[in-house]
Amino acid sequence: MSNLSNIKNEIDTYASTSNLTELQIVEKLKSHYFNKKVNANLKLYKQGKKKVSDITKDLKISSRKFYAILEKKNIEHKKYNKK
(Lines give C-alpha, C1' and ligand atoms only; values in the text may rest on other atoms or scores of the structure.)
Protein backbone atom coordinates (compact mmCIF):
# COMPACT_ATOMS: atom_id res chain seq x y z
CA MET A 1 0.00 0.00 0.00
CA SER A 2 2.85 2.41 0.72
CA ASN A 3 4.23 1.98 -2.81
CA LEU A 4 0.92 3.04 -4.29
CA SER A 5 0.76 6.10 -2.06
CA ASN A 6 4.30 7.02 -3.13
CA ILE A 7 3.23 6.86 -6.77
CA LYS A 8 0.16 8.98 -6.03
CA ASN A 9 2.32 11.57 -4.27
CA GLU A 10 4.74 11.67 -7.22
CA ILE A 11 1.88 12.17 -9.67
CA ASP A 12 0.41 14.93 -7.52
CA THR A 13 3.72 16.76 -7.24
CA TYR A 14 4.37 16.41 -10.97
CA ALA A 15 0.85 17.69 -11.73
CA SER A 16 1.37 20.73 -9.52
CA THR A 17 4.67 21.62 -11.22
CA SER A 18 3.52 20.96 -14.78
CA ASN A 19 0.55 22.19 -16.80
CA LEU A 20 -1.03 18.74 -16.88
CA THR A 21 -3.82 17.24 -14.81
CA GLU A 22 -3.46 13.95 -13.00
CA LEU A 23 -5.59 12.15 -15.59
CA GLN A 24 -3.46 13.46 -18.45
CA ILE A 25 -0.34 12.20 -16.70
CA VAL A 26 -1.89 8.77 -16.20
CA GLU A 27 -2.93 8.62 -19.88
CA LYS A 28 0.62 9.48 -20.97
CA LEU A 29 2.01 6.78 -18.69
CA LYS A 30 -0.53 4.30 -20.04
CA SER A 31 0.42 5.02 -23.65
CA HIS A 32 4.13 4.82 -22.79
CA TYR A 33 3.87 1.41 -21.17
CA PHE A 34 1.53 0.13 -23.91
CA ASN A 35 4.06 1.16 -26.57
CA LYS A 36 6.83 -0.49 -24.56
CA LYS A 37 4.86 -3.74 -24.45
CA VAL A 38 4.03 -3.49 -28.16
CA ASN A 39 7.70 -3.05 -29.07
CA ALA A 40 8.70 -6.07 -26.99
CA ASN A 41 6.04 -8.18 -28.69
CA LEU A 42 7.01 -6.91 -32.14
CA LYS A 43 10.56 -8.03 -31.52
CA LEU A 44 9.30 -11.54 -30.73
CA TYR A 45 6.99 -11.43 -33.78
CA LYS A 46 9.89 -10.56 -36.09
CA GLN A 47 11.90 -13.47 -34.71
CA GLY A 48 8.96 -15.82 -35.24
CA LYS A 49 8.71 -16.73 -31.57
CA LYS A 50 5.22 -15.35 -31.01
CA LYS A 51 2.05 -15.58 -33.10
CA VAL A 52 -0.40 -12.80 -33.82
CA SER A 53 -3.13 -14.46 -31.78
CA ASP A 54 -0.88 -14.65 -28.71
CA ILE A 55 0.17 -11.03 -29.09
CA THR A 56 -3.39 -9.76 -29.46
CA LYS A 57 -4.45 -11.69 -26.36
CA ASP A 58 -1.48 -10.31 -24.44
CA LEU A 59 -2.10 -6.70 -25.49
CA LYS A 60 -5.91 -7.04 -25.40
CA ILE A 61 -6.35 -5.56 -28.87
CA SER A 62 -7.97 -6.83 -32.04
CA SER A 63 -5.95 -8.44 -34.78
CA ARG A 64 -7.01 -5.63 -37.11
CA LYS A 65 -5.39 -3.09 -34.78
CA PHE A 66 -2.25 -5.19 -34.59
CA TYR A 67 -1.97 -5.35 -38.37
CA ALA A 68 -2.44 -1.56 -38.46
CA ILE A 69 0.48 -1.23 -36.04
CA LEU A 70 2.57 -3.50 -38.29
CA GLU A 71 1.79 -1.37 -41.35
CA LYS A 72 2.51 1.84 -39.43
CA LYS A 73 5.94 0.53 -38.42
CA ASN A 74 6.61 -0.89 -41.94
CA ILE A 75 6.97 -4.49 -40.78
CA GLU A 76 6.31 -7.17 -43.37
CA HIS A 77 3.40 -9.50 -42.79
CA LYS A 78 1.14 -11.72 -44.82
CA LYS A 79 -2.02 -10.14 -46.14
CA TYR A 80 -4.97 -12.47 -46.43
CA ASN A 81 -7.69 -11.96 -49.00
CA LYS A 82 -11.25 -12.48 -47.86
CA LYS A 83 -12.24 -13.90 -51.26
Side-chain angles (χ1 to χ4, degrees):
M1 195 69 170
S2 63
N3 291 336
L4 184 60
S5 62
N6 290 343
I7 294 171
K8 287 180 187 177
N9 290 336
E10 290 293 324
I11 289 174
D12 289 336
T13 56
Y14 184 74
S16 65
T17 59
S18 69
N19 259 352
L20 302 173
T21 63
E22 289 86 356
L23 288 176
Q24 289 173 329
I25 294 168
V26 170
E27 285 297 319
K28 285 188 176 196
L29 286 172
K30 182 180 176 184
S31 66
H32 169 74
Y33 284 109
F34 178 76
N35 288 335
K36 188 176 177 181
K37 201 169 186 180
V38 166
N39 290 334
N41 280 315
L42 285 177
K43 188 182 288 185
L44 293 173
Y45 176 76
K46 286 180 190 177
Q47 295 171 354
K49 294 181 179 178
K50 206 164 187 183
K51 295 183 198 176
V52 174
S53 61
D54 296 333
I55 294 171
T56 56
K57 284 179 188 175
D58 188 31
L59 296 175
K60 297 178 183 168
I61 59 173
S62 67
S63 58
R64 189 175 280 182
K65 278 188 178 183
F66 181 71
Y67 285 120
I69 291 170
L70 289 176
E71 287 184 12
K72 183 179 175 185
K73 295 194 181 238
N74 296 326
I75 297 173
E76 287 188 29
H77 63 281
K78 288 184 181 179
K79 292 187 179 182
Y80 296 102
N81 293 331
K82 291 185 177 180
K83 295 179 184 178

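The first residue in the sequence is number 1, and the count goes up from there. What you see below is based on every heavy atom in this structure, not just the backbone, and it leaves out hydrogens, waters and symmetry mates.
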Taking the side chain as every heavy atom from C-beta outward, state whether Ile69 and Ile61 have any pair of such atoms under 4.5 Å apart. yes
Hey, can you pull the donor-acceptor pairs under 3.5 Å for the side chains in residues 43-51, sequence neighbours left out?
| unit_1 | atom_1 | unit_2 | atom_2 | d |
| --- | --- | --- | --- | --- |
| Lys50 | NZ | Asn41 | OD1 | 2.8 |
| Lys50 | NZ | Asp58 | OD2 | 3.4 |

The residue among Ile75, Val52, Thr56 that forms side-chain contact (heavy atoms from CB on, under 4.5 Å) with Tyr67 is Val52
Following the transitive rule for hydrophobic clusters with a side-chain heavy-atom cut-off under 4.5 Å over Ile, Leu, Val, Met, Phe, Trp and Tyr, establish whether Ile7 and Phe34 coincide in one cluster. no
Can you give each donor-acceptor pair under 3.5 Å made by side-chain atoms of residues 16-23, sequence neighbours left out, with the distance rounded to 0.1 Å?
| unit_1 | atom_1 | unit_2 | atom_2 | d |
| --- | --- | --- | --- | --- |
| Ser16 | OG | Asp12 | O | 3.4 |
| Ser16 | OG | Thr13 | O | 2.8 |
| Thr17 | OG1 | Thr13 | O | 3.3 |
| Thr17 | OG1 | Tyr14 | O | 3.0 |
| Ser18 | OG | Tyr14 | O | 2.9 |
| Ser18 | OG | Leu20 | N | 3.4 |
| Thr21 | OG1 | Gln24 | N | 3.3 |

Is there a side-chain contact between Phe66 and Leu42, using heavy atoms and a 4.5 Å cut-off? yes
Which residue pairs satisfy the side chain to side chain donor-acceptor pair (under 3.5 Å) criterion with at least one member in residues 29-39, sequence neighbours excluded? Asn39-Lys73
Taking only residues two or more places apart in sequence or in another chain, which ones pass salt bridge (charged side-chain N to carboxylate O under 4.0 Å, His left out) with Glu27? none
